[in-house]
Amino acid sequence: MRTRRSVRPVHTLAGVLLAAALALTGCSGANDSAGSQAADKAAPAAGDDGGRAEEQAGAVQEDSKQGSGASGSKATSAPQLAASSIIRTASLTVQVKDVPKALDEARTTTENAGGYIGDESTTRDEDGAERTRVVLRVPVERYDDVLADLQGAGKLLARTAKAQDVTDQVVDVDSRIKSQQASVARVRELMDRATKLSDVVTLEGELSRREADLEALLSQQASLKDRTSLATVTLNLQEKPADEAAEDEDPGFVDAVAGGWDAFVTTLRWIAVAFGAVLPFLAVAVLLVLAWLRLLRARRRTAPAGEPEQD
């Protein structure tokens with residue numbers, strides 16, 4: 001009896017433990033199934049989000065490719081910048097032996113370079129030395145060559161050169177001209193569609209004002225083009241003083257012969273001058289001598305024979 005009673009509690013305890021294990025197993029299985037179902041439900045959403053992310057990534061990648069392509073194209077082909085627009089001016093003061101000759105040479109140099117002569121003025125100082133001031137316009141590509149030729153014509157006394165960059169101004173004027181031309185075109189279109197007289201009068205006034213602004217911009221553009229395409233060179237020519245000219249020349253055989261001839265001619269000239277100065281006195285002296293001799297002969301004829309002649 002005792003044995004049976006002791007066995008029953010053991011079986012009972014074993015059954016309770018088995019039930020508890022089954023319950024735990026069922027709970028864990030339910031949790032696993034719920035987790036798997038939640039995972040299955042979340043998978044499409046995750047797939048959708050992943051697809052959208054992939055699409056967005058693809059779009060971003062495409063944009064980056066396009067951007068890199070654009071940057072690559074910019075890197076391979078540099079942007080075309082406007083050519084530099086520079087106004088060049090220079091002033092030269094050259095001392096020469098013969099101003100007219102040097103001026104002719106400067107004119108020839110300028111014309112050969114494709115330029116032209118501007119203002120020209122010639123004066124003489126108190127000592128009689130000639131001075132000439134001339135303004136030359138030469139193409140900018142021949143600017144340096146012309147300067148070298150001009151300053152090599154004699155002794156360079158002074159030189160100044162300036163370069164003014166007006167690229168921004170040129171670009172601004174060009175842009176304003178395009179905008180103004182478009183504005184004028186719009187006003188003309190409005191005039192074509194206008195039906196009221198008051199509108200036509202108003203549009204005509206506005207068109208006149210805008211055309212005047214356009215003409216001013218075009219004039220400014222032409223001035224900038226002229227000053228940037230042609231350089232301005234102001235050339236001052238002046239003669240050498242006589243003493244400096246004599247010092248600069250090295251005498252040679254021909255110069256010695258010429259100098260001797262000049263001295264000989266000068267001597268003859270002074271002799272002729274002296275003879276001309278003495279000639280009146282000599283003529284009077286000759287007349288007096290002739291008169292005295294004539295008077296002396298007359299006295300000899302009238303003196304009595306045998307009477308001694310008195311001097």
Side-chain angles (χ1 to χ4, degrees), residues 90-113 115-136 146-160 233-311:
S91 177
L92 297 176
T93 301
V94 183
Q95 190 179 60
V96 296
K97 183 178 180 181
D98 190 352
V99 170
K101 182 180 178 181
L103 181 60
D104 292 338
E105 293 177 354
R107 184 179 289 107
T108 302
T109 300
T110 303
E111 292 176 353
N112 291 338
Y116 65 91
I117 306 296
D119 298 336
E120 180 180 344
S121 61
T122 301
T123 59
R124 288 186 179 274
D125 57 13
E126 298 177 354
D127 298 331
E130 185 175 353
R131 297 176 181 270
T132 297
R133 179 182 180 275
V134 61
V135 178
L136 312 175
V146 171
L147 282 184
D149 292 340
L150 293 178
Q151 69 185 19
K155 181 180 180 181
L156 181 64
L157 300 181
R159 170 179 173 172
T160 59
V233 180
T234 303
L235 178 62
N236 298 294
L237 298 173
Q238 62 184 37
E239 289 182 348
K240 290 182 179 180
D243 53 352
E244 291 186 7
E247 291 177 359
D248 293 341
E249 295 180 356
D250 296 331
F253 176 77
V254 177
D255 296 331
V257 173
W261 177 256
D262 291 338
F264 177 72
V265 172
T266 302
T267 303
L268 291 180
R269 186 182 298 112
W270 281 109
I271 293 174
V273 170
F275 182 76
V278 175
L279 184 59
F281 299 97
L282 184 61
V284 173
V286 171
L287 292 175
L288 291 174
V289 170
L290 292 176
W292 171 255
L293 292 175
R294 188 173 182 180
L295 179 61
L296 185 59
R297 290 177 182 177
R299 290 180 62 186
R300 287 178 179 178
R301 290 176 183 176
T302 57
E307 186 176 346
E309 296 180 359
Q310 296 181 358
D311 296 333

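For the numbers below, each heavy atom of this structure counts, side chains included, while hydrogens, waters and symmetry mates do not. Values in this document were obtained by computation on a predicted structure and should not be read as measured data.
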How far apart are the closest heavy atoms of [X] and [Y], and which atoms are they?
| X | Y | answer |
| --- | --- | --- |
| Asn236 | Ser91 | ND2-OG, 4.0 Å |
| Ala113 | Val146 | CB-CG2, 3.7 Å |
| Ala90 | Leu147 | CB-CD2, 4.0 Å |
| Leu92 | Arg159 | CD2-CG, 3.5 Å |
| Gln238 | Leu157 | NE2-CD1, 3.0 Å |
| Val96 | Gly154 | CG1-CA, 4.1 Å |

Side-chain touch [X]/[Y], heavy atoms, less than 4.5 angstrom:
| X | Y | result |
| --- | --- | --- |
| Thr122 | Glu130 | yes |
| Thr110 | Val134 | no |
| Val135 | Val233 | no |

Cationic N near anionic O, under 4.0 Å, Lys101 to Asp104: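 Result for this pair is no, no salt bridge flagged.
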
Using the side chain to side chain contact (heavy atoms under 4.5 Å, CB included) rule, pick out the option among Leu237, Thr123, Thr93 that qualifies with Arg131. Thr123

Can you tell me how far [atom2] of [Y] sits from [atom1] of [X], rounded to the nearest 0.5 angstrom?
| X | Y | atom1 | atom2 | answer |
| --- | --- | --- | --- | --- |
| Leu103 | Leu235 | CG | CG | 8.0 Å |
| Asn112 | Arg107 | CG | CZ | 12.5 Å |
| Thr266 | Ile271 | OG1 | CD1 | 11.0 Å |

